[in-house]
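We're numbering straight along the sequence, starting at 1.
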Amino acid sequence: MDLDEAGIHRKLQVNELEELRNDAYESSRIYKEKTKAFHDKMIRGKTFIAGQKVLLFHSRLKLFPSKLRSRWVDPFVVTYVFPHGAVQIRSEQTGNEFKVNGHRLKPYYTAFKESNVEEEDFHDTPPSMD
């Protein structure tokens, strides 16, 4: 057994392993970029305007979860939207104003009003086969 040849062979094996590691790292980076791009494409942006009603996420309920209690608190009214993502809201019940992160808000939709719908009477007669 020649020690010089064994040393050269071992260096080649180490280089091959290094190349495999670099290829795996590169393919992992490409996969992460594609996944992030797909995820970011699916995110819907939230835009708020002054006077809009919103619900506030109550983060303290994460500590003591209760199954039937909603984590979204009473409707608030947006008073000012800052350019960096913060939103100033006012409570309808107390009138207090405070600033929160826009990620903790979601639009409040009022209940739909029922309208009169005309009913049409259908008979149980089968369609004619001509």
Side-chain angles (χ1 to χ4, degrees):
M1 185 90 94
D2 188 16
L3 290 179
D4 290 334
E5 283 187 37
I8 292 172
H9 183 66
R10 183 67 179 156
K11 284 182 185 178
L12 288 175
Q13 286 179 336
V14 169
N15 285 338
E16 287 178 10
L17 284 175
E18 188 69 24
E19 287 179 15
L20 287 173
R21 187 187 71 81
N22 287 339
D23 290 343
Y25 178 78
E26 184 66 22
S27 64
S28 172
R29 186 184 61 80
I30 292 170
Y31 172 76
K32 285 180 184 180
E33 286 176 357
K34 287 182 179 179
T35 306
K36 182 182 181 331
F38 177 75
H39 177 266
D40 291 347
K41 183 177 69 172
M42 301 306 273
I43 293 176
R44 290 184 292 156
K46 294 181 186 178
T47 55
F48 300 106
I49 56 173
Q52 181 181 6
K53 288 187 177 183
V54 293
L55 294 174
L56 175 66
F57 183 75
H58 191 8
S59 59
R60 290 185 184 247
L61 288 176
K62 283 186 174 180
L63 299 175
F64 307 105
S66 55
K67 290 183 180 179
L68 299 177
R69 187 166 182 187
S70 175
R71 293 184 182 189
W72 296 93
V73 187
D74 304 328
F76 294 88
V77 178
V78 174
T79 56
Y80 185 75
V81 179
F82 295 93
H84 52 79
V87 179
Q88 186 170 352
I89 58 175
R90 178 177 33 97
S91 172
E92 289 186 331
Q93 296 175 349
T94 62
N96 295 339
E97 286 193 7
F98 49 95
K99 192 187 304 186
V100 297
N101 189 342
H103 294 292
R104 295 182 59 203
L105 299 175
K106 74 176 180 180
Y108 175 75
Y109 300 107
T110 57
F112 293 104
K113 295 180 183 178
E114 290 186 29
S115 59
N116 292 337
V117 178
E118 293 181 19
E119 292 184 19
E120 200 165 310
D121 190 23
F122 292 103
H123 299 289
D124 291 334
T125 58
S128 62
M129 298 280 211
D130 289 335

S28 side chain vs A24 backbone, donor-acceptor pair below 3.5 Å:
no
Is the shortest side-chain N to carboxylate O distance from K36 to E33 below 4.0 Å?
no
Quick check against the 3.5 Å criterion: does R90 have a side-chain atom that pairs as donor or acceptor with the backbone of V77?
no
Parallel under 30°, tilted from 30 to 60°, perpendicular over 60°: which one fits the rings of F82 and H84?
parallel
Close side-chain approach of L17 to R21, heavy-atom, < 4.5 Å
no
Distance col, row K46:NZ vs R104:CZ, nearest 0.5 angstrom, shows 11.0 Å
What distance do F98 atom CZ and T79 atom OG1 have between them, rounded to the nearest 0.5 Å?
10.0 Å
Check whether any side-chain N or O of S91 sits under 3.5 Å from a backbone N or O of N96 as a donor-acceptor pair, and report yes or no.
no
Would I43 and D40 count as a side-chain contact (heavy atoms from CB on, under 4.5 Å) if you check the C-alpha gap in whole Å, the side-chain angles of each, and the deciding distance to 0.1 Å?
CA-CA 5 Å; I43 293 176; D40 291 347; 4.1 Å; yes
Are more than 12 heavy atoms, taken from residues, nucleotides or ligands other than R10, located less than 6.0 Å from that residue's CZ atom?
no
Do V100 and F57 belong to the same hydrophobic cluster, where Ile, Leu, Val, Met, Phe, Trp and Tyr are linked whenever their side-chain heavy atoms lie under 4.5 Å apart, directly or via other members?
no
Heavy-atom closest pair (Q52 atom, P107 atom, distance to 0.1 Å) is NE2-CB, 3.8 Å
Beyond-backbone contact of V87 with F76, side-chain heavy atoms, under 4.5 angstrom
no
For the hydrophobic clusters of this structure (ILVMFWY residues joined by side-chain heavy atoms under 4.5 Å, transitively), does one cluster hold both Y80 and F48?
no
Minimum-distance pair of heavy atoms, taken over all atoms of V73 and L55
O-CD2, 3.3 Å
Does I89 belong to the same Ile/Leu/Val/Met/Phe/Trp/Tyr cluster as V81, with side-chain heavy atoms less than 4.5 Å apart forming each link?
yes
Drop me the distance from E19's CD to D23's CG, to the nearest 0.5 angstrom.
7.0 Å
Given side-chain contact (heavy atoms from CB on, under 4.5 Å), test L20 with E16 step by step and report yes or no.
CA-CA 6 Å; L20 287 173; E16 287 178 10; 5.6 Å; no
K99 side-chain N/O to A86 backbone N/O, donor-acceptor pair under 3.5 Å:
no
E5-H9 side chain donor-acceptor pair, cut-off 3.5 Å
no
